[in-house]
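Beneath this line is the structure, given in structure tokens, with notes to follow.
Letters A, B, ... mirror the listed sequences (proteins, then strands); counts begin at 1. Excluded from the calculations below are hydrogen atoms, water molecules and symmetry mates; all remaining heavy atoms, backbone and side chain alike, are included.
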Amino acid sequence: MKQDIKDLIHTGLQTLVSQGQLELTELPEPQLDRTKDASHGDFATNVAMVLAKLARTKPRDLAQRLVEALPESPLVDKVEIAGPGFVNFFLAEGAHRSVVPQILTAGHAYGRSDIGAGKRVQVEFVSANPTGPLHVGHGRGAAYGAVVADLLAAVGFEVHREYYVNDAGRQMDILGTSVWLRYLELCGEELRFPSNGYKGDYVWDIAATLHREHGDAYRVEVEQVFADLPLDASIEGEPQDQAGDKEAHIDGLIAAAKRLLGDNRYRYVFELGLNTILDDIREDLSQFGIDYQEWYSERSLTESGAVNKAIERLRESGHIYEQKGALWFRSTDFGDEKDRVVVRDNGQSTYFASDIAYHMDKLERGFDRVIDIWGADHHGYIPRVKAALQALGDEADKLEVLLVQFAILYRGGEKAQMSTRSGEFVTLRELRKEVGRDAARFFYVMRRCEQHLDFDLDLAKSESSDNPVYYVQYAHARVCSVLRQAAEKGMIVDPTPGTTNLERLTEPHEEALLRTLIRYPEVVESAALKAEPHQVTQYLRELANDFHTYYNAHQFLVDDGVLRDARIKLILAVRQVLRNGLGLIGVSSPESM
RNA sequence: GCCCUCGUAGCUCAGUUGGAUAGAGCAAUCGCCUCCUAAGCGAUAGGUCACAGGUUCGAAUCCUGUCGAGGGCACCA
């Protein structure tokens, strides 16, 4: 629809140029907007004002000439010039009604398009360290990333969803060591658990599995473990002057675990922790309606030599230097604040080095676009990753990083505090259990991603019209209910999506609904291209509102069979669009509530 | 200190990349069930778009500065 009007304007402008009334070597893409006010028609363009200066005429005069040059179209009822030089388009009534058979014919496909032209897009999201269950902050990234991916797929991109698994590195060593220490406690050893260890209950669970299945096979005397270790930081109640360095302490414990257990046994404990948590994360996300094409292992990058290869490539192109025994990447050449270490003086490559290799690999896999969805706390990371891609000669523009701000939970008007340090935090699983999958998915994508999200738990649970999820779902259930009533009364619903009887849809409420239904494909396209799922939730609320208003104002199951048929076709179309829209954001469409 | 994001109705947020009289939902006030689900609908009221300059036909939107909120500035991951 929108494109049809744009084509009309384009033709009109071409006519003016060929008549010599407008001197332009290149025609601009006409900007066409939905009007805010119905008295301004359906669409408005500002081309006359934009081109007035070039044409050296008054905007309104140019608008007049453009209107005269516009070709005839059955879609357009009338064209008006308004204000400083807007050209307003009023769509013909028939043009509105034709959307109903269009929706009923397309069904699930209504709103989908192929503007992505099969281009391959990789979307990486969540990628939380497998050191514990996902919490509510990850949940927002999960919901947002999933919808962005689904939206892109809906408009014709070939989407590859990926989770980057940080299965290497110090944090994972800390997890493995935490599990082992808890295991030792289960064996009856008494020890002081490190302040920097993972203290969540899930660590106990993993330790219990190890103890149950292997008895004392991994037991070592505690005295050996803690011998000659740097002191831990002081905990509450202890004198400050005995405080040590908690980082050095935990590193000492990791070294002790590796030494005392030996490679094989250490590896087993490490893997047990990793796999248990990763399985949990997989299941959690799957139950949240999110599935990936690939779980990409960070460790595989080191083992395959990809990290060394990436560093080597940077060295060859002269972007690496050595200082104090470490290898540095000169990222400042590409706009970063400071240079970054890729290999530490102890020979270990950094997390950043893995990230360079990973992103190099992404581009080598031939994606046309690569999208990373990160928590807002990682934003300082963007310049260095882009710098690395530039240094490698890859097109850094192919990488888009979308940042998701934190979600803050509110309960009873109060902030629901959470702290990862104590190991007591609200997990995504708990949230799903409390408010349900539908509400969680909807609430998470209701706001622009760069906006802090106030997640009102009470509202998400409430079964009232205040709750936008219920409001939209209820509209869907209501349509279903009407159809059930029709069946009970023996009224036959004609399923053929023809235009028959639709000319009976003349009420203002019906006009409003038709206008909203027509907009849906534009909303999906815009939401997809701008990565803004909230446009969909916003739209769904509007559509539901239009429907509820209509429902209250008019009876659908009227005696007049022709009118009844028209109205049923209209609400069938509404139901289809509600279903399509809810499906896009991963929310169910209940038949009854 | 430097960098990033943000500041719109009492609250939570939209605002179609610079367009017409800045819009919703809560909360407030007043109405609507003999009727397909009142888990709904209508109406009223609510604004110096943080502040001050600038850019132009035109600014909530772009630029500069100030104030305020959050985040980032490791040989951590």
Nucleotide B/A24, atom P - distance to NE2 of A/H548 in whole Å: 17 Å

C1' gap between B/C51 and B/C57, integer Å: 27 Å

Pairwise C1' distance, B/A74 and B/U64 [rounded to whole Å]: 34 Å

Counterpart residues, side chain to side chain contact (heavy atoms under 4.5 Å, CB included), relative to A/R315 (two or more places apart): A/E312, A/I320, A/L327

Proximity to RNA chain B (any heavy atom under 4.0 Å), residues of residues 455-462 of chain A only: none

Between B/C41 (P) and A/L513 (CG): distance, integer Å: 13 Å

Lys NZ or Arg CZ of A/R441 over A/Y444 ring: under 6.0 Å, within 45°: no

Qualifying residues under side chain to side chain contact (heavy atoms under 4.5 Å, CB included), relative to A/E298, sequence neighbours excluded: A/Y164, A/N166, A/D167, A/A168, A/Y351, A/S354

Gap between atoms CG and P, on A/D33 and B/G18 respectively (whole Å): 11 Å

Test: A/R448 and A/E532 ion pair at under 4.0 Å: no

A/R579/A/E591 ion pair, N-O < 4.0 Å: yes

Pairwise P distance, B/A28 and B/G10 [rounded to whole Å]: 16 Å

Residue closer to the 5' end of RNA chain B, A/F43 versus A/Y471 (nearest nucleotide): A/F43

Any A/T35 side-chain nitrogen or oxygen under 4.0 Å from OP1 or OP2 of B/A20: no

Intermediate values then yes/no, salt bridge (charged side-chain N to carboxylate O under 4.0 Å, His left out), A/D454 and A/R447: CA-CA 9 Å; A/D454 286 339; A/R447 305 289 176 228; over 6 Å; no

Interatomic distance where CZ belongs to A/F86 and P belongs to B/U16 [whole Å]: 13 Å

Contact list (N/O, under 3.5 angstrom) for nucleotides 56-61 of chain B vs protein:
| residue | atom | partner | partner atom | Å |
| --- | --- | --- | --- | --- |
| B/C57 | OP1 | A/K53 | NZ | 2.9 |

P-based separation of B/U61 from B/G15 [nearest Å]: 15 Å

Polar atom pairs between nucleotides 49-51 of chain B and protein, under 3.5 Å, N or O only, would you list them?
none

Distance test, side-chain N/O of A/R564 to OP1/OP2 of B/C36, below 4.0 Å: no

Any donor-acceptor N or O pair under 3.5 Å, side chains A/T131, A/Q171: no

Separation of the P atoms in B/C75 and B/G70, to the nearest angstrom: 27 Å

Atom-pair distance (CG on A/D454; C1' on B/C11), nearest Å: 10 Å

Residues that A/N88 engages under side chain to side chain donor-acceptor pair (under 3.5 Å), provided they are two or more places apart: none

Presence of salt bridge, A/D173 and A/K258, under 4.0 angstrom: yes

Residue-level proximity of residues 517-524 of chain A to RNA chain B when a heavy atom falls under 4.0 Å: none

Residue A/V482, side-chain atoms from C-beta onward, closest of B/A20, B/C36, B/A14: B/C36

Under the side chain to side chain donor-acceptor pair (under 3.5 Å) test, residues paired with A/Y520 that sit two or more places apart: none

From B/G42, B/A20, B/C6, nucleotide with atom closest to A/H40 side chain: B/A20

d(CE, A/M593; P, B/A39) in whole Å: 10 Å

P-based separation of B/U16 from B/G7 [nearest Å]: 13 Å

Test: A/R478 cationic atom under 6.0 Å from A/Y551 six-membered ring centre, within 45° of axis: yes

Per-nucleotide protein contact string for nucleotides 69-77 of chain B, where B marks a base within reach and S marks sugar-phosphate only (heavy atoms under 4.0 Å, - for neither): -SBSSSBSB

5' priority, RNA chain B, between A/V87 and A/R541 [closest heavy atom]: A/V87

Whole-Å distance separating the CD1 atom of A/I408 from the C1' atom of B/U12: 12 Å

Partner of A/L582 under side-chain contact (heavy atoms from CB on, under 4.5 Å), chosen from A/V577, A/V469, A/V536, A/V472: A/V472

Distance test, side-chain N/O of A/Q535 to OP1/OP2 of B/G15, below 4.0 Å: no

A/H534 side chain near B/G15 phosphate (N/O to OP1/OP2, under 4.0 Å): yes

Phosphate OP1/OP2 of B/C41 contacted by A/N545 side-chain N/O (<4.0 Å): yes

Within residues 436-450 of chain A: residues closer than 4.0 Å to RNA chain B (heavy atoms): A/R447, A/R448, A/E450

Residues A/Y470 and A/D438: side-chain donor-acceptor under 3.5 angstrom: no

Atom NZ of A/K58: over 12 foreign heavy atoms under 6.0 Å: no

Intra- and inter-strand pairs of RNA chain B in dot-bracket (Watson-Crick or G-U wobble, both distances under 3.5 Å; | for another strand): (((((((..((((.....[...)))).(((((.......))))).....(((((..]....))))))))))))....

Minimum heavy-atom distance between A/H249 and A/P230, given as atom pair plus value: ND1-O, 2.8 Å

Within 6.0 angstrom of A/D560 CG, more than 12 heavy atoms from elsewhere: yes

Nearest-angstrom distance, P atom, B/A39 to B/A27: 15 Å

Rounded distance in Å - CG (A/D466) to P (B/A39): 12 Å

With A/R437 via side chain to side chain donor-acceptor pair (under 3.5 Å) - residues at least two apart: none

Same-atom distance (P) from B/A24 to B/U66, integer angstrom: 37 Å

Among B/U16, B/G15, B/C13, the one nearest A/R34 by side-chain distance: B/U16

